[in-house]
2 protein chains.
Amino acid sequence: MTTFTALSIRIDTNGGRRRMVTSRDVARVAGVSQSTVSYVMSGRRSISAATRRRVEAAIEELTYHPNAGARALASQRTQVIGLVVPFTPGADTTGLLPFIETIASCAREADHDVLLVTANEGSAGLKRLAGRSLCDAIVMMDIETDDARIPVAATLSVPVILIGVPADNAGLHCVDLDFPLAGRMAVDELAALGHRRVVLVGHPAEVVERGVNFVGRFERGATDAASAHGVALEVVAPVAPGRDGAEAAVEQVLAVGGERPGVVVPNSQALQPVLQVLMDRGLHPGRDLSLIALCTDAAAEAVTPAATNVSLEPRDVSRRAMQILFQLLDRGQEPPDELVQLIPPRLTRRRTTLPSP
Amino acid sequence: MTTFTALSIRIDTNGGRRRMVTSRDVARVAGVSQSTVSYVMSGRRSISAATRRRVEAAIEELTYHPNAGARALASQRTQVIGLVVPFTPGADTTGLLPFIETIASCAREADHDVLLVTANEGSAGLKRLAGRSLCDAIVMMDIETDDARIPVAATLSVPVILIGVPADNAGLHCVDLDFPLAGRMAVDELAALGHRRVVLVGHPAEVVERGVNFVGRFERGATDAASAHGVALEVVAPVAPGRDGAEAAVEQVLAVGGERPGVVVPNSQALQPVLQVLMDRGLHPGRDLSLIALCTDAAAEAVTPAATNVSLEPRDVSRRAMQILFQLLDRGQEPPDELVQLIPPRLTRRRTTLPSP
DNA sequence: CTGTTAGCGCATTCAC
DNA sequence: GTGAATGCGCTAACAG
């Protein structure tokens with residue numbers, strides 16, 4: 001325990017805001033040089049046990065925290081990951097949280113923080129993040145097929161990882177769910193349950209127009225599986241918002257799907273309304289037909305009755321993205337050669353599919 | 001347009017990573033001193049029109065961005081707001097996004113960024129944010145009645161705003177929905193619709209145990225309104241997760257509510273299951289009884305049938321919090337004297353309440 | 001193993 | 001209205 005003498009009394013010249021504790025203060029208290037304090041903290045050179053102990057005691061005593069700005073300035077590393085998230089108007093904000101959460105957790109595990117930027121800033125947000133050295137790397141979500149931000153992202157001075165697969169990734173690493181496989185798994189399951197006709201409810205027009213390309217990738221996987229199994233597959237118009245939309249969609253499903261159709265609803269927004277309308281007509285999913293949703297497990301369980309689903313695996317996708325990101329940051333670690341990394345979905349049987357034959 | 005001569009050719013000694021453009025580079029190109037560049041950007045002293053033009057042209061030409069770390073170091077301001085969000089296990093993560101989004105928008109409007117910290121770091125996260133000078137102010141969400149972080153937050157070197165009202169705010173500014181008023185509004189409406197008995201479905205045990213105190217505040221408001229109107233008010237056990245939970249809750253509602261009860265469901269998770277169970281029993285909300293939810297408008301509209309609700313107003317709450325925050329940061333602006341700011345909810349009539357008499 | 005030193009890029013004080 | 005000079009707190013190269 002160090003005793004503070006009268007010498008350490010100082011006039012407050014700082015407007016009442018207490019002066020920050022610096023590594024020099026720690027050095028003085030520990031009786032070492034300032035750089036030694038730095039090396040104790042970074043572990044970038046060996047320190048004798050005795051010195052380390054004294055420095056650590058001083059750090060503790062003064063409750064020293066390194067200044068992030070100064071550290072970033074000197075080391076050229078911010079220890080911050082920029083995260084570009086979709087902004088609501090038009091974006092599928094549902095199920096966004098698990099991504100954010102997982103990304104934040106992975107960042108913290110590697111002693112990094114997460115700076116949030118909303119997508120409405122567009123390319124300007126990316127330029128700001130990199131230009132001002134606000135972060136060491138960027139994760140971009142909600143990638144469109146023809147995303148105008150990608151050419152910009154590719155020229156930034158920091159690595160960028162995409163969650164989503166654009167038409168041209170411009171050399172950037174991408175991580176996403178394996179949507180073709182997801183489509184295949186849904187149709188495989190329906191075929192195995194004995195359905196000879198499968199109806200796929202389309203995605204909302206706004207999503208398609210925005211060019212979110214998992215739509216096409218999912219449908220292609222479903223189509224392929226259908227021809228492989230020799231089952232008929234029809235794609236019907238998407239569910240418009242509101243009760244009427246669900247009515248119209250179910251109408252079409254029944255028209256083209258005939259009796260006992262297998263139904264695929266790749267849209268968590270529409271799931272509950274569609275289930276509701278079906279049941280209102282006396283058609284019980286799990287008894288009179290099978291329905292498989294494409295959504296997170298949470299959404300599948302929140303719905304009545306709990307829906308059999310192919311999961312979106314937001315945590316797996318995010319974790320993989322962060323893994324690649326830190327491989328890119330740590331010189332020495334090799335990122336994967338394959339730029340596009342697809343995460344396998346998982347099918348969970350719940351109450352909306354017929355029992356296995 | 002400046003022409004670069006052979007003099008500006010330099011060997012790359014920087015491992016391929018291009019050197020960053022600094023305000024000195026801008027100064028050289030514009031033929032002014034570095035400090036002039038700084039003053040042009042900050043506007044903290046008057047600059048002749050000609051000089052300003054040349055500097056701005058140089059900034060444009062070099063695509064100069066100020067280095068955030070250096071700026072923070074020199075100015076003691078990071079232009080970053082720390083945001084502490086709840087971490088999933090046990091927290092009501094539903095409807096979190098509108099808060100985050102609004103906070104991010106308000107921050108950007110004031111040329112600030114948002115650094116995300118998850119609540120699982122507890123007080124350590126707060127100490128890190130302030131200690132490392134990662135941000136100029138902190139917004140904390142999901143405040144518990146007896147939140148251990150609050151005494152810590154109160155001693156930080158940066159202002160902290162709470163979204164939520166703890167038992168002891170320790171001198172910190174708080175913003176939250178006016179939950180007593182929300183409870184009152186729900187019961188007022190049910191009374192006006194002619195219901196003589198009101199049943200309030202309790203909050204989930206986990207929420208109550210965590211000490212999220214809006215539970216009690218809401219119920220107290222409801223109780224007061226009930227006695228004012230002379231209607232009976234019963235609080236029944238909360239809806240356990242899953243179908244069975246909703247069954248049990250509805251059972252109790254009907255037991256104590258009698259015929260044509262007015263029901264209040266202050267829990268968006270439980271809303272759909274409860275509606276479902278009621279309808280399965282042939283009791284149609286909006287026809288045979290009235291049901292009012294406490295949830296966001298989005299949640300009320302997502303449910304079948306669309307629910308009359310008292311809104312949580314996440315955007316209003318967030319906006320108010322950010323307004324106070326910037327008042328605290330801008331010396332000169334006076335924050336409100338009243339530390340606790342309550343935002344009035346809004347009741348929207350939808351399909352689950354009886355038509356007005 | 002440890003200390004000394006030189007910047008990192010910017011805001012700001014002083015001098016003119 | 002402008003420039004020169006200083007220092008924010010830290011990392012890392014250099015010198016023992």
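Letters A, B, ... are given to chains in the order of the sequence lines, protein chains preceding strands, and every chain is numbered from 1.
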*asked:* Tell me the closest heavy-atom pair linking B:Ala107 and B:Phe326, and the distance in Å.
replied: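 In terms of heavy atoms, the two residues are closest at CA-CZ, 4.2 Å.
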*Write down the atom of A:Pro151, the atom of A:Asp147, and the distance for their closest heavy-atom approach.*
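Taking A:Pro151 first and A:Asp147 second, the nearest heavy atoms are CD-O, 3.6 Å.
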*A:Arg52 or B:Ser42: which one's nearest nucleotide on DNA chain C is closer to the 5' end?*
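Closer to the 5' end of DNA chain C: A:Arg52.
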Under-3.5 Å N/O pairs linking protein and nucleotides 5-8 of chain C:
| unit_1 | atom_1 | unit_2 | atom_2 | d |
| --- | --- | --- | --- | --- |
| C:dC8 | O2 | A:Ala74 | N | 3.4 |

*Between C:dC10, D:dG3, C:dT2, which one does the side chain of B:Arg71 approach most closely?*
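The closest nucleotide is C:dC10.
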*A:Thr36 has a side chain; which of C:dT2, D:dA13, C:dC10 sits nearest to it?*
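Closest nucleotide to the A:Thr36 side chain: C:dT2.
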*Reckon B:Arg44 touches a base, only the sugar-phosphate, or nothing at all at heavy-atom distances under 4.0 Å?*
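Here B:Arg44 touches the backbone only, sparing every base.
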*What does A:Val32 touch in the nucleic acid at a heavy-atom separation under 4.0 angstrom: a base, only the sugar-phosphate, or nothing?*
sugar-phosphate
Rounding to an integer number of Å, can you tell me how far [X] [atom1] sits from [N] [atom2]?
{"X": "B:Arg28", "N": "D:dA4", "atom1": "CZ", "atom2": "C1'", "result": "16 Å"}
{"X": "B:Ile47", "N": "C:dT12", "atom1": "CD1", "atom2": "P", "result": "13 Å"}
{"X": "B:Asn67", "N": "D:dG9", "atom1": "CG", "atom2": "P", "result": "16 Å"}
{"X": "B:Arg45", "N": "C:dA15", "atom1": "CZ", "atom2": "P", "result": "14 Å"}
{"X": "B:Gln79", "N": "C:dA11", "atom1": "CD", "atom2": "C1'", "result": "13 Å"}
{"X": "A:Met41", "N": "D:dG9", "atom1": "CE", "atom2": "C1'", "result": "13 Å"}

*With a 4.0 Å cut-off, would you call A:Arg149 and A:Glu144 a salt bridge?*
no
*Carboxylate-amine/guanidinium contact A:Asp113 B:Arg132, below 4.0 Å*: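 A salt bridge is absent here (no side-chain N lies under 4.0 Å from a carboxylate O).
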*Ignoring hydrogens and angles, are the base of C:dT13 and the side chain of B:Tyr39 linked by a donor-acceptor pair under 3.5 Å?*
yes
Hey, is the side chain of [X] poking within less than 4.0 Å of OP1 or OP2 on [N], counting only N and O atoms?
{"X": "A:Tyr64", "N": "D:dC10", "answer": "yes"}
{"X": "B:Ser33", "N": "D:dA4", "answer": "no"}
{"X": "B:Ser23", "N": "C:dC10", "answer": "yes"}
{"X": "A:Ser48", "N": "C:dC1", "answer": "no"}
{"X": "B:Thr51", "N": "D:dT2", "answer": "yes"}

_Determine whether a donor-acceptor pair (N or O, by modelled atom type, separation under 3.5 Å) exists between the side chain of A:Ser133 and the backbone of B:Ala68._
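Absent.
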*For the atom pair CG (B:Leu83) and CE (B:Met140), what is the distance rounded to the nearest 0.5 Å?*
11.0 Å
_side chain to side chain contact (heavy atoms under 4.5 Å, CB included), paired with B:Leu325, selected from B:Val175, B:Val139, B:Val160_ =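 Checked B:Val175, B:Val139, B:Val160 against B:Leu325; only one passes side chain to side chain contact (heavy atoms under 4.5 Å, CB included): B:Val139.
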